[in-house]
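Note that the structure is a prediction, hence the values are computed from the model and not measured. Start at 1 and go down the list; that is how both ligands and their atoms are numbered.
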Amino acid sequence: MISHEQLHDVMQTRRSVRRFRPDAPSRAIIESVLASAVTAPSASNKQPWRFLVVRNRDVIDRIAAAVRTAVERIAMAIDPEFEPSFRAYGDYFTRFEHAPVVIVPLSRSLTILSNLTGGRLARDDADRITAMERESGLRA
Ligand SMILES: Cc1cc2nc3c(=O)[nH]c(=O)nc-3n(C[C@H](O)[C@H](O)[C@H](O)COP(=O)(O)O)c2cc1C
């Protein structure tokens, strides 16, 4: 058991890492990290997540390339005045590409209420429920 002070220190010193050592962590470490991650609470305890552990350099490169393409599409739709700053921001979206392992978290929407109510709710309520269900998966 760790103390409140130790937990506080861990939380205070956590930071986003954007430069990575080239050596990949062992499978045991990755499994241990994921075992911690899945202790997170989820709506109705559905645990609506899966994790893709990507070690293949070619696949990581292709994911980064797909993100760059999406950034490019968005940049084309941005007011030219803000395009340079958007591109600088978008550069952060691919910082993962030099990591030796990339973990892609997947979540699915929980559609319990939509399923139970079918098409019988007023449009506004149905829309709110759909939005909430989409988000509840993401926050799980
Ligand atoms: C939902 C979410 C998405 C993020 N996406 C990126 C990202 O694409 N690229 C990146 O470099 N950092 C990303 N970050 C990290 C934030 O920029 C970072 O948490 C914030 O600047 C605070 O810095 P810190 O985590 O070091 O305290 C993301 C953080 C969150 C919570």
Side-chain angles (χ1 to χ4, degrees):
M1 203 53 156
I2 62 168
S3 67
H4 170 258
E5 285 74 23
Q6 286 169 316
L7 178 61
H8 181 76
D9 282 352
V10 168
M11 293 174 81
Q12 287 293 317
T13 54
R14 182 216 55 80
R15 65 192 171 79
S16 293
V17 174
R18 299 191 180 91
R19 287 192 303 144
F20 308 93
R21 295 201 191 110
D23 40 320
S26 66
R27 186 183 176 107
I29 287 180
I30 293 171
E31 285 179 354
S32 160
V33 166
L34 292 178
S36 298
V38 300
T39 62
S42 59
S44 308
N45 198 24
K46 290 289 182 188
Q47 305 180 22
W49 46 59
R50 294 286 183 274
F51 299 91
L52 289 181
V53 178
V54 185
R55 297 163 163 280
N56 183 302
R57 174 46 43 200
D58 182 52
V59 175
I60 294 174
D61 288 346
R62 282 160 55 204
I63 296 172
V67 173
R68 274 205 190 85
T69 305
V71 167
E72 190 56 38
R73 281 203 308 275
I74 297 168
M76 290 292 131
I78 295 247
D79 184 329
E81 186 190 349
F82 300 111
E83 197 184 320
S85 43
F86 170 74
R87 283 183 186 281
Y89 174 53
D91 196 43
Y92 280 84
F93 299 174
T94 49
R95 293 294 167 99
F96 64 84
E97 72 181 320
H98 300 301
V101 178
V102 172
I103 300 178
V104 183
L106 307 176
S107 69
R108 67 186 152 80
S109 301
L110 299 171
T111 54
I112 302 166
L113 291 179
S114 298
N115 293 346
L116 290 174
T117 52
R120 292 178 294 277
L121 272 176
R123 178 71 186 270
D124 272 8
D125 280 342
D127 288 350
R128 284 191 199 101
I129 284 176
T130 304
M132 184 271 290
E133 288 176 333
R134 201 172 46 232
E135 294 294 305
S136 69
L138 291 176
R139 284 181 190 147

Point to revise | Option set R14, R15, Q12, R18, criterion heavy-atom distance to atom 14 (N) of ligand 1, minimum | key: R18

Review point. Parallel, tilted or perpendicular for F51 and W49, by the 30°/60° rule?
Key: tilted

Cut-off 3.5 Å, no hydrogens considered: what does the side-chain donor-acceptor table look like for residues 8-20, sequence neighbours left out?
unit_1	atom_1	unit_2	atom_2	d
T13	OG1	D9	O	2.7
T13	OG1	V10	O	3.4

**Study point:** Enumerated ligand 1 atoms positioned under 4.0 Å from heavy atoms of F93
**Key:** 8 (O)

Check your understanding: Is there a protein heavy atom at a distance of less than 4.0 Å from atom 22 (C) of ligand 1?
Key -> no

Point to revise | Protein heavy-atom partner closest to atom 7 (C) of ligand 1 - residue, atom, separation in Å | key: Y92 O, 3.7 Å

Exercise for review: Ignoring hydrogens and angles, tell me if any N or O in the side chain of T130 forms a donor-acceptor pair with the backbone of A126 under 3.5 Å.
Suggested key: yes

Practice item. Taking only heavy atoms of S16 into account, list the atoms of ligand 1 that are under 4.0 Å away from them. Key: 15 (C), 18 (C), 19 (O), 24 (P), 25 (O), 26 (O)

Review point. Would a 4.0 Å cut-off, counted as strictly less than, catch a protein heavy atom around atom 10 (C) of ligand 1?
Key: yes

Exercise for review: Ignoring hydrogens, tell whether any protein atom lies closer than 4.0 Å to atom 2 (C) of ligand 1; use the non-hydrogen atoms only.
Suggested key: no

Review point. Do F96 and V59 belong together in a cluster built from hydrophobic side chains that touch within less than 4.5 Å?
Key: yes

Review point. Is R87 atom CZ crowded by more than 12 heavy atoms from other residues, nucleotides or ligands, each under 6.0 Å away?
Key: yes

Review point. So, do Q47 and V38 sit near enough that their side-chain heavy atoms are less than 4.5 Å apart?
Key: no

Exercise for review: Evaluate the 4.0 Å heavy atom contact test for atom 17 (O) of ligand 1: does a protein atom fall under the cut-off?
Suggested key: yes

